[in-house]
Amino acid sequence: MKEEITVRERSAEKFYYVQRLSALLALFFVFFPGVSPSRICGLIGKNVSLFTSGISYGTMTSAMGRAFDKGWISEGSMILLFVGSLFLLLGIAANAANGCMSLGNLKTKRLGIPFGLGGSAAMVLGMVLVYVSYAQVLQTSRPEKVEPMFPGGYMLYLVLTALLLIVNLLLLFVLPKASADSRYEIEPKYKLFLMFLPFALLCFVFAYLPLYGWRYAFFNYSAGQTLSMENFVGFKWFTSLFSSQATRSDVVRVLRNTLAMSGLGILTSWLPMAFAIFLNEIKTSWFRRMVQTFTTIPNFISWVLVYAVALAIFSTDGFINTMFGGDTNYLMDASHMWLKMLLWGTWKGIGWSAIIYIAGISGIDQQLYEAATVDGAGRFQKMWHITVPGLLPTYFVMLLMSVANILSNGMDQYFVFKNAQNVKTIEVLDLYVYTLGIQNGNIPLSTVIGMVKSVVSVVLLFGANRISKAIRGESIV
Amino acid sequence: MAKTMQERLDEKAEKKYYRTHKKKLDVSPGNVTFHLLNYLFFGVFTLLCIFPFYYLFINTISDNDFVRKGQITLIPRGININNYLAMANVNDLGNAFLVSLARTLLGTALMVAASALVGYLVTKQEMWHRKFWYRFLVITMYFNAGTIPWYLNMSMLGLTNNFLAYIIPGIVAPYNIILVKTYIESIPSELEESALIDGAGFFTVFRKIIWPLCKPILATIAIFGSVGHWNAFTDSLILMQNAPELFTLQHRLYIYLNTTSNLGSLMSTGGSAAAAAAQAAMSTKVLKYTISMVTVIPILVVYPFMNRYFEKGIMLGAVKG
């Protein structure tokens, strides 16, 4: 008897794989407008997912005011669609709950079965309602305005619904009864995992899913179109980086700016360390604390505010012109842009970056200094032979990180300081990608550049990590 | 992270040492010159860091007529706060302020709660495939699909022109999770074990033991998280293209800084008589300065409280997964 139960449980486990997978897929696609089974006409926006249709009637029908007034669509069929979507959502949620409970003991699993069956029934009902609504919309008097269409996602959800219904029915019969005295239990390892799961999903959706967008690099695509094999172009955009004269010269210019500014940053990366070492020589503690407090402030304001500060000091009616007379707008001057950006970056960041070295200095053994003093070492000798070597490991990590980030200087700083005069010398890779993709709408090419940048950055990071391991025997990642 | 008892004792001993062994003042010319230059350098640099804010500030609290004539450079004259009262009339400013405030409070609260919970979960050895899932989170810090795929993804999820785009993507922050995890691992495990023996469940341990003990690190990530939210600009710029009512304060400030239109089209009328008078005498320059101050003041207000969390925050660069 006991053995028979375990055999049946084990075969039930196989069905559960199907149940969990289908429920997970159904849940996942709920958020994708592209596979929404509820987009039955063109009047429903391209960005309306099943989730949106099921929770917000207002958003779903936002473009339908006129259609309702003129009687092209009856409001009843939209309400049917809304209710159908809602049923689908509830059914999917119940099935997901069943999937979670299936990780528990037999008693917990049995508890999940009604959820699974009820959920599948709700999904079937939802699918029927959506179809009825679709059939009604098909009857519209003005098809060219309403654009009825059979949603591609409908077939997908039909398959998933059928799978879930069948599997749940099978489970009802296969799963043995739990003994009356057992309690609801889930093993701790699954319990912990179930708590972690929502966060893993969030992480997947916002950090991994964007990689799916790399496919745009292989298509002729502009906003609002759909991807199809007709506009598949293979590596055209990749080769256009080299073959198209205009693109090539742009990329070379932007790369030069990026490398120059990152390079200047790397060349001056020892400045925070020097800042910390010399600040440490100041023995008046209130003065030192004041310096530290005030020089850190700029790190905490946004680049937009840095630009506001720059305007207040350097623009036509700014401080310099008010104080010394004149009406030069120094911000419009496009000379030495790389150097100016470096100075702004240093102004904003040096106090903050110095903190880690200040902490480092306080960690150096005081006896070393005392011994050096006894040996007659001067101030600079002590700095050079004790403090600097003590801080070098930290500096080394920082240096490697900035090498790994050589292509990513971010766009905020350059975006706010950009103007018609200096655009040629200020545009870095990140800003160029933004201008090209978001402002000019060349999505494939900007995706290609972003892709190459991402790959190079990862390679650099691991290269830097290798170097660190080889030299210091410690990894930085 | 927190100072251990030993470190504190050492510090005390050190202070005592310096009190009793006060060194003789070194007045050699080389030493004096060095200190003179050193103090001078840091004094000047500190001034460079705060003067711009001071300059913005005195221009906004001075009488607008003096500002117009260019007479306010170092000292405020005719001090009043009417410019700030007139800010209520600036189109869209109040709205942007509320958007930024809402995202800062909501986004930070959710991020901190999630980091605490997930940070605790990933310390649990018995979690199903713990190592894999932890790496799954940590790896995301080292790669990035790029701006455009990110934008396309957000628009596919319906998160363009949607306030939730400010909140949801930031909930899971791998870096902060690592910080919390490392911190929890430094807590003696006996505390947790004894509670478990007393029959406390997962959430009881989390609420009664982990959460209170983690407060320092949670405060740190809360501060850095909220500064990040307050300063966020690019997401508003890229994602809210068709929803100007959802622009953040930084985005609005950027728009105002670059505007060339006259005051009349930027502000409505109303408010107290004094504010209306200030508004009448206001120039676009003062308007820009005042909005800048409105944007920076919240940071300056919380800044003193942030100070003591700096050292933990800078360790952001030094922790590993």
Side-chain angles (χ1 to χ4, degrees), chain A residues 31-33 47 49 52 188-190 192-193 195-196 199-200 202-203 206-207 209-211 213-214 216 278-279 281-282 291 293-295 297-298 300-302 304-305 307-309 311-313 317 319 322-323 355-356 359 411-412 416 433-434 437-438 443 446-447 450-451 453-454 458 461 477, chain B residues 14 34 38-39 42 45-46 48-50 52 55-56 70 73 114 118 121 124 126-128 133 136-137 140 142-153 155-158 160 168-169 171-172 227 231 233-234 238 250 253-254 257 285 288-289 292 295-296 299 303 307 310-311 314 317 320:
Chain A
F31 302 101
F32 288 73
N47 282 329
S49 61
T52 319
K189 64 171 184 174
Y190 292 129
L192 292 167
F193 171 67
M195 280 189 273
F196 179 78
F199 302 102
L202 274 180
C203 179
F206 293 109
L209 203 55
L211 292 173
W214 281 9
Y216 289 95
F278 281 95
L279 184 61
E281 290 300 319
I282 286 181
V291 170
T293 307
F294 287 130
T295 53
I297 290 181
F300 290 95
I301 64 171
S302 66
V304 181
L305 271 166
Y307 181 61
V309 161
L311 275 180
I313 305 295
D317 52 9
F319 171 73
T322 316
M323 186 81 177
I355 288 185
I356 194 165
M411 65 170 258
D412 287 32
V416 294
V433 166
Y434 166 79
I438 308 276
I443 286 173
S446 51
T447 308
M451 257 171 99
K453 200 199 106 178
S454 302
V458 169
L461 182 70
V477 186
Chain B
E14 199 179 302
F34 172 82
N38 209 21
Y39 275 84
F42 281 107
F45 189 75
T46 306
L48 280 182
C49 285
I50 49 168
Y55 180 70
L56 281 174
T73 46
V118 178
L121 280 172
K124 289 287 192 181
E126 60 271 36
M127 188 173 109
W128 185 65
W133 291 113
F136 180 83
L137 289 182
T140 60
Y142 301 114
F143 72 84
N144 179 334
T147 317
I148 305 299
W150 168 76
Y151 164 72
L152 293 169
N153 185 49
S155 98
M156 180 173 74
L157 295 168
T160 44
I168 300 177
I171 292 180
V172 176
V227 170
N231 284 342
F233 165 63
T234 348
I238 296 177
Q250 306 289 342
L253 172 64
Y254 178 76
L257 289 177
K285 164 177 154 174
K288 290 176 182 178
Y289 288 8
S292 305
T295 316
V296 82
I299 297 271
Y303 185 76
N307 242 313
F310 279 178
E311 282 200 11
I314 197 77
K320 291 183 289 187

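Naming convention: chains lettered A, B, ... in sequence-line order (proteins, then strands); numbering from 1 in each chain. Quantities reported herein were computed from a predicted structural model and do not represent experimental measurements.
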Problem - Heavy-atom pairs under 4.5 Å with chain B, option from A/Val458, A/Leu209, A/Thr447 with the top count - result: A/Leu209

Handout entry: Top contributor to chain A contacts, counting heavy-atom pairs under 4.5 Å, from B/Val227, B/Thr160, B/Thr147
Key = B/Val227

Fill in the blank from the handout: Between A/Ile282 and B/Tyr39, the two heavy atoms sitting closest are CG2-OH, 3.6 Å

Exercise for the section: Evaluate the criterion side-chain contact (heavy atoms from CB on, under 4.5 Å) for residue pair B/Phe42 and A/Thr295; output intermediate values, then yes/no. Expected result: CA-CA 9 Å; B/Phe42 281 107; A/Thr295 53; over 6 Å; no

Exercise for the section: Report the relative orientation of the aromatic rings in A/Tyr190 and B/Trp128; use parallel for angles under 30°, tilted for 30 to 60°, perpendicular for over 60°. Expected result: tilted

Fill in the blank from the handout: All heavy atoms of A/Lys189 vs all of B/Glu126, minimum pair found to be CB-O, 2.8 Å

Handout entry: pair B/Phe45-A/Leu279: side-chain heavy atoms closer than 4.5 Å
Key = no

Fill in the blank from the handout: Per-residue tally against chain A (heavy atom, under 4.5 Å) across B/Gly146, B/Pro149, B/Gly70 peaks at B/Pro149

Completion exercise
Looking only at A/Gly450, A/Pro210, A/Gly213, A/Ser446, the option with the highest number of non-hydrogen pairs under 4.5 Å against chain B is A/Pro210

Exercise for the section: Heavy-atom pairs under 4.5 Å with chain B are the metric here; pick the option from A/Val416, A/Thr52, A/Val309, A/Ile297 that has the most. Expected result: A/Ile297

Exercise for the section: Enter the distance from B/Ile148:CD1 to A/Tyr216:OH here, rounded to the nearest 0.5 Å. Expected result: 11.5 Å

Exercise for the section: Check for a donor-acceptor pair, side chain of B/Asn231 on one end and backbone N or O of A/Phe300 on the other, with a separation under 3.5 Å. Expected result: yes

Exercise for the section: Would you name the heavy atoms of A/Thr322 and B/Lys285 that are closest together and state the gap between them? Expected result: OG1-NZ, 4.2 Å

Handout entry: Residue, of A/Phe319, A/Tyr307, A/Phe32, that accumulates the most heavy atom pairs under 4.5 Å with chain B
Key = A/Phe319

Handout entry: Between CZ on residue A/Phe199 and CH2 on residue B/Trp133, distance to nearest 0.5 Å
Key = 14.0 Å

Completion exercise
Of A/Ser49, A/Cys203, A/Pro188, A/Ala207, the largest count of non-hydrogen pairs under 4.5 angstrom with chain B goes to A/Cys203

Exercise for the section: Of all the heavy-atom pairs spanning A/Phe193 and B/Met127, show the shortest one and how long it is. Expected result: N-CG, 3.8 Å

Handout entry: chain A contacts, top residue of B/Asn153, B/Thr295, B/Ile168 (heavy-atom pairs, under 4.5 Å)
Key = B/Asn153

Handout entry: Short side-chain to backbone donor-acceptor contact, A/Ser454 and B/Asn144, under 3.5 Å
Key = yes

Exercise for the section: Look at B/Pro169, B/Ser292, B/Ser155, B/Ala114 and state which one has the largest set of heavy-atom pairs under 4.5 Å with chain A. Expected result: B/Pro169

Fill in the blank from the handout: Between the CG atom in B/Leu152 and the CD1 atom in A/Ile443, the distance rounded to the nearest 0.5 Å is 5.0 Å

Problem - Proximity breakdown for B/Tyr151 and chain A, heavy-atom pairs closer than 4.5 Å - result: side chain

Problem - Best-contacting candidate, B/Asn38, B/Val172, B/Leu157, against chain A by heavy atom pairs under 4.5 angstrom - result: B/Asn38

Practice task
Give a yes or no on whether the backbone of A/Leu192 and the side-chain of B/Lys124 come within a donor-acceptor separation of less than 3.5 Å.
Solution key: no

Handout entry: Flag, side chain of A/Trp214 to backbone of B/Ala145, donor-acceptor distance under 3.5 Å
Key = yes

Problem - B/Val296, part contacting chain A, at a heavy-atom distance under 4.5 Å - result: both

Completion exercise
Those residues at least two apart in sequence (or on a different chain) that pass side chain to side chain donor-acceptor pair (under 3.5 Å) with B/Thr234 are A/Asp412

Problem - Residue B/Leu257 versus chain A: region with a heavy atom under 4.5 Å - result: both

Practice task
Identify which part of B/Leu56 has an atom lying under 4.5 Å from any heavy atom of chain A, answering side chain, backbone, both or neither.
Solution key: side chain

Exercise for the section: Sort out for me which of A/Leu202, A/Val433, A/Ile438 touches chain B most, counting heavy-atom pairs under 4.5 Å. Expected result: A/Ile438

Completion exercise
For A/Asp317 and B/Tyr55 the tightest heavy-atom approach is O-OH, 4.4 Å

Practice task
Spell out, as yes or no, whether a donor-acceptor pair under 3.5 Å connects the side chain of B/Tyr303 to the backbone of A/Thr293.
Solution key: yes

Exercise for the section: To the nearest 0.5 Å, tell me how far B/Ile50 CD1 sits from A/Phe294 CZ. Expected result: 5.0 Å

